[in-house]
**Student:** 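Right, I'll just put the structure down here and ask away after.
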Number of protein chains: 2
Amino acid sequence: MIKCLLVEDQTLVRLGLANLLNLDSAINIEAQAEDGLQALALLAEHSFDIALLDMRMPNLDGLGVLQKMREKGDKTPVLIITTFEDCDVLVKALNLGARGYVLKDIELEELISAIKQVVAGERVLQSAVTDFLLKKQLSPQFCLTGKEQTVLQCLSLGMSNKVIAKKLDNSEGTIRNHVSQILAKLEVKDRTQAVIKAINQNLI
Amino acid sequence: MIKCLLVEDQTLVRLGLANLLNLDSAINIEAQAEDGLQALALLAEHSFDIALLDMRMPNLDGLGVLQKMREKGDKTPVLIITTFEDCDVLVKALNLGARGYVLKDIELEELISAIKQVVAGERVLQSAVTDFLLKKQLSPQFCLTGKEQTVLQCLSLGMSNKVIAKKLDNSEGTIRNHVSQILAKLEVKDRTQAVIKAINQNLI
DNA sequence: ACCGAGCTATGACAGATGTCACTGTTTTTA
DNA sequence: TAAAAACAGTGACATCTGTCATAGCTCGGT
């Protein structure tokens, strides 16, 4: 019997998923958390065979939970279940030792088999996810540098070049150059389109 | 026994929710659809006591389904279950005759009671939703006119003033004036911030 | 030691953006 | 009907934005 911790903020989704998974005789949702902090508390008190983590949560998000777990030396295998294809978050999650990363539109049987695989020590990435990752990595011209990512974040907060320059302690011209680079890499024509793309693709 | 149609695109959420609701002895999920078109097909073939509609879906979204239902004279009561607080969509849904509008973070018991209320002919709006609606209506200076909403939609697609002018068959100056008005009403400084706000608050 | 990549910066330029004031027309509403 | 909005337009203006060429610096890898 696989002992699972399920972490998901939306009550309906959490209860529904717990029910579905419990229908499988090999799986047992032993505890549920509705945010990252609850998840950490439960992880500290009990031991689980696997933690099913949502990414977007109040208080502490999935990445935050992973980070804290690693800091504490908690080796519980983690399967990320999220709504969005997000290259950056995916990479971060894997670097933090997540054992799997699947999208919420996965079929139930696939999810169950993913859980079993992770518990068995395998690494599970949905093909949709790996495709996405490969597409990104195979096209380095679309990869933003660290500074560019920072600037893109600022753009996504609605900052002007002048404000960004002040905040990052650069000249306005430099920021303009970075923005220009970003637009080219994202293949868009202006900052507004860049922000839209960033939000839609969760690049930020 | 309440005969329900459940429409939701994410398989996990749909199955989970169906399971949960079926646990209530008065409720029976008789059919499920994973997009708007399937939903319409099912509605045409069978009769239900209530349709539980997700808003965001591929092919045809919740509003589209409602619209088609009304065109066909289908009087099946509809309860909207959505992730987002969206004043505009809420108003449109209610105008199209939706009997209830609840957020996905609702508690299970509340959802069940909402379903029963809608079937009983009542109108159900979560307090979170009505608060949101009131907040908006009490501040008319923030209400966008029809034209302004149209322009804001264009902005949210990343269009320039010139492109919008051509699309809407106006002069560029007129569009500039509309944009200026929108920025004032949304209390932001430029189109990028307007788009961010529009996306975050689902004004579009 | 050298190369490439990332970061910084400048200047000049064209074009886009946003504001303001002012003028109309049409539609809604009181 | 009269007032109030919404809608459409113009011209002028300051500022912001994005592009391009060019150049110096630093750092990791070969």
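Residue numbers start from 1 in every chain, and the chains themselves are labelled A, B, ... in the order their sequence lines are given, proteins ahead of strands. All of these numbers come straight from a predicted model, not from anything done at the bench.
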**Student:** Short of 4.0 Å, heavy atom to strand atom, which residues of residues 167-180 of chain A count as contacting DNA chain D?
**Tutor:**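 Within residues 167-180 of chain A, the residues near DNA chain D are Arg176(A), Asn177(A), Val179(A), Ser180(A).
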**Student:** Rounded to whole Å, please give me the gap between NZ in Lys189(B) and P in dG18(C).
**Tutor:** 11 Å
**Student:** Can you tell me the distance, in whole Å, between the CZ atom of Arg191(B) and the P atom of dT19(C)?
**Tutor:**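 So the CZ-P distance, Arg191(B) to dT19(C), works out to 11 Å.
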**Student:** Rounded to the nearest Å, what distance is computed from the CD atom of residue Gln181(A) to the P atom of nucleotide dT8(C)?
**Tutor:**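 Value for this atom pair: 13 Å.
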**Student:** Atom CD1 of Ile182(A) and atom P of dG6(C): how far apart are they, to the nearest Å?
**Tutor:**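 For the pair Ile182(A) CD1 and dG6(C) P, the rounded distance is 13 Å.
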**Student:** With nearest nucleotide decided by heavy atoms, which residue, Asp190(B) or Lys147(B), maps closer to the 5′ end of DNA chain D?
**Tutor:**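 So the residue in question is Lys147(B).
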**Student:** Nearest-Å distance, CG (Leu186(B)) to C1' (dG18(C))?
**Tutor:** 15 Å
**Student:** When you compare the side chain of Lys189(A) with that of Leu183(A), does any pair of heavy atoms fall below 4.5 Å?
**Tutor:**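 In short, these two side chains do not touch, never coming nearer than 4.5 Å.
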**Student:** Any heavy-atom pair between the side chains of Asp9(B) and Asp35(B) that's under 4.5 Å?
**Tutor:**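 The answer is no; the side chains never approach within 4.5 Å.
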**Student:** Is there a side-chain contact between Leu155(A) and Thr192(B) in this structure, where contact means two heavy atoms from C-beta onward sitting under 4.5 Å apart?
**Tutor:** no
**Student:** Are Lys116(A) and Asp24(A) within salt-bridge range, i.e. N to O under 4.0 Å?
**Tutor:**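 Salt bridge present between Lys116(A) and Asp24(A).
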**Student:** Can you tell me how far P of dT10(D) sits from CG of Asn161(B), to the nearest Å?
**Tutor:**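 Roughly 15 Å, once rounded to whole Å.
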**Student:** Atom CD1 of Ile164(B) and atom P of dA8(D): how far apart are they, to the nearest Å?
**Tutor:** 13 Å
**Student:** When you compare the side chain of Gln32(B) with that of Leu15(B), does any pair of heavy atoms fall below 4.5 Å?
**Tutor:** yes
**Student:** Salt bridge between Asp54(A) and Arg14(A), side-chain N to carboxylate O under 4.0 Å?
**Tutor:**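 Here Asp54(A) does not pair with Arg14(A) in a salt bridge, since their nearest N and O are not under 4.0 Å apart.
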**Student:** Figure out the CG/P separation between Leu183(A) and dG18(D), and round it to whole Å.
**Tutor:**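 Value for this atom pair: 6 Å.
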